[in-house]
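Both counts, for ligands and for their atoms, begin at 1 and track the order of listing. If you read the sequence from its start, that first residue is 1, and numbering goes on from there.
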Amino acid sequence: PGGDGGSSSPAAGRTVPSGATAPQPDGTGALPPGAGAPGIGDPDFPSDGNGGYDVARYRLVLGYDPATRHLSGTAGIRAKATQELTRFNLDLSGFTVGRVTVDGRAAAFERSGTELTVIPGRPLPEGADFTVEVSYAGEPKPVTGSSNLGTYGFIPTRDGAFVTCEPNGAKTWFPGNDHPADKALYEFEITVPEGITALANGELTGEPVTRGGKTTYSWREDHPMVTYLATMTLGKFTLREGKTASGIKNLAAVDPRFRGSLDKLYTLSGKITDYWATVFGPYPFSSTGGVVDDFSAGYALENQTKPMYGGFSPGEGIIAHELAHQWFGNSLSIKRWKDLWLNEGFATYAEWLWEEHQGDATAEQTFRLHYAAPAGDAIWKYAPGRARPDDLFNDSVYTRGGMTLHALRRKIGDRDFFELLKTWNREHRYGYVTTEEFTALAEKISGKELDALFDAWLFQESKPAA
Ligand code: ARG
Ligand code: ZN
């Protein structure tokens, strides 16, 4: 997994002779020979992720105590060098780093902002598979300052933690390559005070083990996952487990305050997952479900296999949205944040499809409702095909993104449109996608020239003709 994450971008992995270029404020300037770049090459988020290697697997062995808010543990990272590496970076925000090893041998490290630079005793040759282990501890601090993203990352709560990391908050709880262009598999071994439940992605690998007042939960996600979808949600939870009608494992978990939402969350999650599998193609992961915690985030997040609802009882629309992300965003992931409409426009359109399926408003009616916004409306001034780093989750990325899909459906007809959704998923399952790949596939399947349509809907800062 993660084949083209670091190596294909202009900034990633390049080697600049020392002194050739002045260091840039974003940290992507001059690098010593053989150094992995401090960013993966996303021009809008220049210091997110890193260059020079691809992560294959994370093994996170972590302990957390809600009373002291102390997190400590070890992150084991298996990766492949995509260039010779005399040093490379991981992203990590806060904490005290104790010890770093590369292939079992102590390595030097430096820290600057959210960059952790690892300097192995001897350079890693291009193509080498290697293991990094980082021991660290401290009080996790979520990301707060950024105006329109709210609070995200590892958010301590009264009884545990609410962990939702989009776009780049994974670094608030583990060191890694914190950008969607490098997927990996995950193992979690999480130790918490007895009585607290630890929920992570994928499946429990055995019964939780309690010893000396502490319980250890082992989870593993065996399908490629981007860093922002990883979670270790902790707290008191009421659980309901079973299978959907089509046989997919289903787990719903709610904070005791939301006890009344448990059955609805469980039932709807199962029903909607099964329905999406008929529309988008086979469910990509080993289980479905959802978590309601009592932190009022003001948003939900499509954490892989376990979408998280922040302090509210979710209705059908948002459940349909977060579960659609398991296909659009989680199985098929964006390489660059500017393509975010490939996640949010599709998940929003899925809400409209669910309503249509329920016999409520048709997608055509919902489209018309939104299209009625006057020409001066903000939605027409923000081009959804170019999500802006300072306003990533703008309504246009969601609603105008969804309208783009409906405009496409009108133009190519239902048969080609729904074949396109399935083919898109089949061809890019567990992979990375770009807007250009989607528009090319739409043209291929429909046999129509669609440049004008996509240009007007995705890239113009004005209201498209309907
Ligand atoms: N992907 C999420 C959703 O559409 C939104 C996440 C918003 N993130 C944030 N930090 N505000 O459901
Ligand atoms: Zn979404």
Residues in side-chain hydrogen bond (donor to acceptor under 3.5 Å, both in side chains) contact with Thr305, at least two apart in sequence or another chain
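Thr305 satisfies side-chain hydrogen bond (donor to acceptor under 3.5 Å, both in side chains) with no residue once adjacent residues are dropped.
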Just checking, is any N or O donor in the side chain of Glu203 or Ser287 under 3.5 Å from an acceptor N or O on the other one?
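Their side chains do contain a donor-acceptor pair, which is all the 3.5 Å distance test asks for.
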Please work out whether the ring planes of [X] and [Y] are parallel, tilted or perpendicular, with thresholds of 30° and 60°.
X: Phe393; Y: Tyr398; result: tilted
X: Tyr283; Y: Trp327; result: perpendicular
X: Tyr228; Y: Trp337; result: tilted

Closer than 2.8 Å to the Zn ion (ligand 2): does that hold for any N, O or S atom in Glu344?
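Glu344 does place an N, O or S atom closer than 2.8 Å to the Zn ion (ligand 2).
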With a 6.0 Å cut-off on the ring centroids, do Trp352 and Phe367 count as close?
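No - the distance between ring centres of Trp352 and Phe367 does not fall below the 6.0 Å cut-off.
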Ligand 1: protein residues within heavy-atom distance under 4.0 Å
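The 4.0 Å shell around ligand 1 contains Leu149, Tyr152, Glu166, Tyr299, Ala300, Leu301, Glu302, His321, Glu322, His325, Glu344, Phe393, Tyr398.
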